[in-house]
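See structure below.
The model shown is predicted, which means the values in this text are computed figures rather than measured ones.
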Amino acid sequence: MALSSLATLCSSPPVSAVRDSPAVSNLNGLSPVADDAAAPSAFLRSGGGGGGGGDLKEIKQLHCCVAKKGPTHNNELIAKCAEVGTPESLDYALKVFEGWKEDECVAGSLFVCNSLIRACSFAGLGERAILVFVRMLEMGVMPDKYTFPFLLSACTKVSWFREGVQVHGAIVKMGFAGDMFVANTLIHFHFECGDVVDGRRLFDKMPERNVVSWTSLICGYSRRDCPKEAVSLFFDMPNGHMVSALVDMYMKCGAFVTAKRIFDCCVERNLVLYNTIMSHYVKRGMAREALAVLDEMLEQGPQPDRVTMLSAISASAALNELFFGKACHGLAKWIYHYTEENAIERDMLLDTAFVDMFGRCGDPKMAVQIFEKMEKRDVSSWTAIICAMATEGNGKQALELFKEMLTQGVEPDDVTFVGLLTACSHSGLVEQGRRLFQSMEEVYGISPKVVHYGCVVDLLGRAGLLEEALDFIKSMPIEPNDIIWGSLLSSCRTHKNVEIAAYAANRIPELTSDRTGIPVVLSNIYASEGKWSEVAKVRLKMKERGMHKVPGSSSTEVNGVVHQFSSGDESHPEMSRIALMLDEINCKLRDAGHVPDLRNVLLDVDDHEKKFLLSRHSEKLAIAYTLISTGQKMPVRVVKNLRTCSDCHTYAKLVSKVYDREISIRDNNRFHFFKEGFCSCGDFW
DNA sequence: ATAGGGTTAG
């Protein structure tokens with residue numbers, strides 16, 4: 001490794017830095033692939049393009065031009081490689097670079113070296129950054145003040161202390177230690193990879209300091225668990241606009257009130273400070289507060305950036321009061337359009353978050369559209385789109401995407417399999433699901449977790465293979481949890497199997513968690529079989545333990561306002577109009593041959609009463625209200641906190657036909673898209 | 001140019 005020579009090279013820098021040389025380029029054995037003679041700058045201008053593979057091809061074409069036109073174009077070639085920034089393109093650039101002869105160095109070589117080092121630093125390839133540095137010294141290209149910040153940050157990222165110290169030596173020898181940027185990076189380096197005392201000494205020696213110097217110091221201290229030092233610095237600070245580091249520190253150690261107080265006191269709030277406080281609100285599940293911060297930013301600046309949008313996306317997913325943890329479509333659209341209209345920088349992370357967000361809030365079309373436009377995709381991106389297909393109930397598409405992902409050489413992870421298995425489960429693809437589960441460990445070396453076992457139980461149970469599901473649970477190498485038994489229980493309800501249901505219910509150590517709604521499902525099973533005495537027993541048990549049935553509740557968004565209805569609810573201000581509409585719908589559906597399925601009423605009352613209760617299920621109220629409040633072809637979007645009942649399902653199918661409206665119902669685990677009398681789930685759910 | 005804020009699971 002050339003690293004050992006670093007110190008020697010640094011101590012005796014070559015004399016001439018830049019030379020002119022019209023010599024023919026030596027391509028060091030790399031043969032260009034095409035013989036195309038377009039100007040290199042044309043390639044550079046064309047920018048963008050397809051995925052990483054396409055870029056590399058472009059680079060090779062560029063290389064070909066270099067061969068023809070001489071070494072001046074090496075610069076463009078390397079710059080292009082740096083811009084692409086993948087390990088492959090950087091390797092390629094390095095190969096070309098290593099092929100240089102001293103006398104080939106041309107004006108601008110320094111700039112090329114710097115941008116290459118910068119690219120290596122961005123890509124976290126510290127070793128390559130050092131290689132470029134060593135090589136440039138060998139060739140007599142003298143570094144400047146721009147070289148070192150990149151080089152040091154590359155060392156810092158990979159925690160290369162020894163190399164960093166050597167670079168530090170070079171900086172001193174070459175006389176760059178007085179530069180503000182260089183000094184700041186040195187502080188950061190010492191705090192991250194070395195000693196806080198060294199970092200502090202450097203800071204104290206600086207004749208002048210700027211915001212970055214202070215931030216590096218405060219963040220350095222707080223990361224190294226020296227909050228006292230960080231706080232005392234805060235009071236020494238010449239100006240108050242670098243509080244974000246401090247707020248972040250307090251938030252991280254749980255001193256929420258202190259953090260908030262500092263935020264409130266701070267007059268000059270910059271972007272990072274806003275992003276800091278917002279991200280912490282989101283982490284604590286305080287979505288409303290997070291969005292209030294966003295509002296304030298929109299009102300008085302600073303202009304949000306992609307980090308802000310990422311927090312906003314999480315916040316929208318966490319708005320569970322009204323949307324039961326499923327993102328709210330209106331907000332999702334707003335976030336997306338805001339990002340587009342304000343030309344906020346997009347990257348893989350943000351695009352993936354968008355795909356995920358639209359997948360969750362019932363807009364798979366948008367999810368697909370964004371996914372298709374993405375230039376780079378990693379496991380998370382593929383997983384997000386697979387999950388979007390899974391919640392939509394489009395199992396086939398999910399499996400197709402998985403295949404494509406594999407052909408593109410992306411390795412799945414455990415989350416991908418959660419998506420795949422639920423996709424199979426929602427579409428009744430039992431055999432495919434079984435095979436995927438098998439392959440997890442055998443082919444991909446991912447050992448299944450409880451979630452995955454849960455998915456399989458769900459897969460078998462939904463398909464009516466209750467015995468097999470039970471055997472599967474018994475054979476699990478890990479302890480099944482409430483959720484697994486609960487899943488089996490709800491399958492028992494769909495497929496009307498009281499025996500296995502009772503068995504499952506008895507396996508659940510205690511009817512503890514309210515959250516899983518297990519006792520409710522059990523009592524519903526008994527109720528639908530008319531076993532009212534069993535129902536009473538379960539209800540009594542629930543009462544003894546102070547548990548309540550979570551009431552069914554549906555929300556719908558009309559003109560940006562969310563309206564929430566619970567079953568039998570008459571509190572809506574427009575209830576009389578809604579009641580009229582419900583009657584009208586009932587008449588039309590009756591004419592279309594619909595007979596209400598009274599087995600969905602789980603109370604021991606007479607049929608007339610049952611009919612009435614059934615007609616007031618929360619999703620029906622929400623649908624009726626949306627129909628009277630929105631224009632003709634507007635889609636109806638309903639989100640429900642529990643599973644939707646089979647009568648409401650049939651009802652929605654018919655309404656979609658009779659009223660010619662697209663309806664979507666997001667229940668607690670998937671979407672149903674109703675159109676022209678059919679549902680996307682194909683009645684399998 | 002250097003630092004600080006960031007997605008993901010039934």
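A:C219 comes within 4.0 angstrom of sugar-phosphate atoms only, judged by non-hydrogen atoms across all strands, and of no base. Among the heavy atoms of the strands, none lies under 4.0 Å from A:S311. Contacts of A:V418 with the nucleic acid, taken as non-hydrogen atoms under 4.0 Å apart, involve only primed sugar atoms and P, OP1 or OP2. A:D351 comes within 4.0 angstrom of nothing in the nucleic acid, heavy atoms only. Within 4.0 Å of A:D305, counting heavy atoms only, lies at least one base atom of the nucleic acid. Here A:L273 lies out of heavy-atom contact (under 4.0 Å) with every strand. Residue contacts shown for A:R306 include a base, since a base heavy atom lies under 4.0 Å away.
One can place CD1 of A:I277 at 13 Å from P of B:dG6, the figure rounded to the nearest angstrom. Regarding A:H188, its NE2 atom lies at a distance of 11 Å from the P atom of B:dT2, rounded to whole Å. Between the P atom of B:dT8 and the NZ atom of A:K283 lies a distance of 12 Å, rounded to the nearest Å. As a whole-Å value, the separation of A:R209 CZ from B:dT2 P is 22 Å. As rounded to whole Å, 12 Å separates atom P of B:dG4 from atom CD1 of A:I218. Between the P atom of B:dG5 and the CG atom of A:L294 lies a distance of 19 Å, rounded to the nearest Å. One atom, CG of A:D414, and another, P of B:dT8, lie 15 Å apart when rounded to the nearest Å. Rounded to an integer number of Å, the gap from OH of A:Y274 to P of B:dG6 is 18 Å.
Partners of A:S425 by side chain to side chain donor-acceptor pair (under 3.5 Å), not counting sequence neighbours, listed by chain and number: A:D458, A:R462.
A:F203 carries A:R209 over the face of its six-membered ring, with the cationic atom under 6.0 Å from the centre and within 45° of the normal.
A donor-acceptor pair under 3.5 Å is absent between the side-chain atoms of A:D356 and the main chain of A:T352, judged by distance alone.
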Determine, step by step, whether A:R201 and A:D198 satisfy the salt bridge (charged side-chain N to carboxylate O under 4.0 Å, His left out) criterion, reporting the C-alpha distance in whole Å, the side-chain angles of both residues, the deciding distance to 0.1 Å, and the verdict.
CA-CA 5 Å; A:R201 206 180 301 131; A:D198 291 335; 3.5 Å; yes
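Taking only side-chain atoms of A:T422, from C-beta outward, the nucleotide of B:dG5, B:dG10, B:dT8 with the closest atom is B:dG10. Distance from the side chain of A:N270 is smallest for B:dG4 among the nucleotides B:dA1, B:dG5, B:dG4. Out of B:dG6, B:dT2, B:dG4, the shortest distance to the side chain of A:L310 is found at B:dG6.
Counting heavy-atom neighbours within 6.0 Å of A:Q300 CD, excluding the residue itself, gives a total above 12.
The phosphate of B:dG4 has OP1 or OP2 within less than 4.0 Å of a side-chain N or O from A:R223.
An aromatic stacking contact between A:F150 and the base of B:dA1 is absent, as defined here by ring centres under 5.5 Å apart and ring planes under 30° from parallel.
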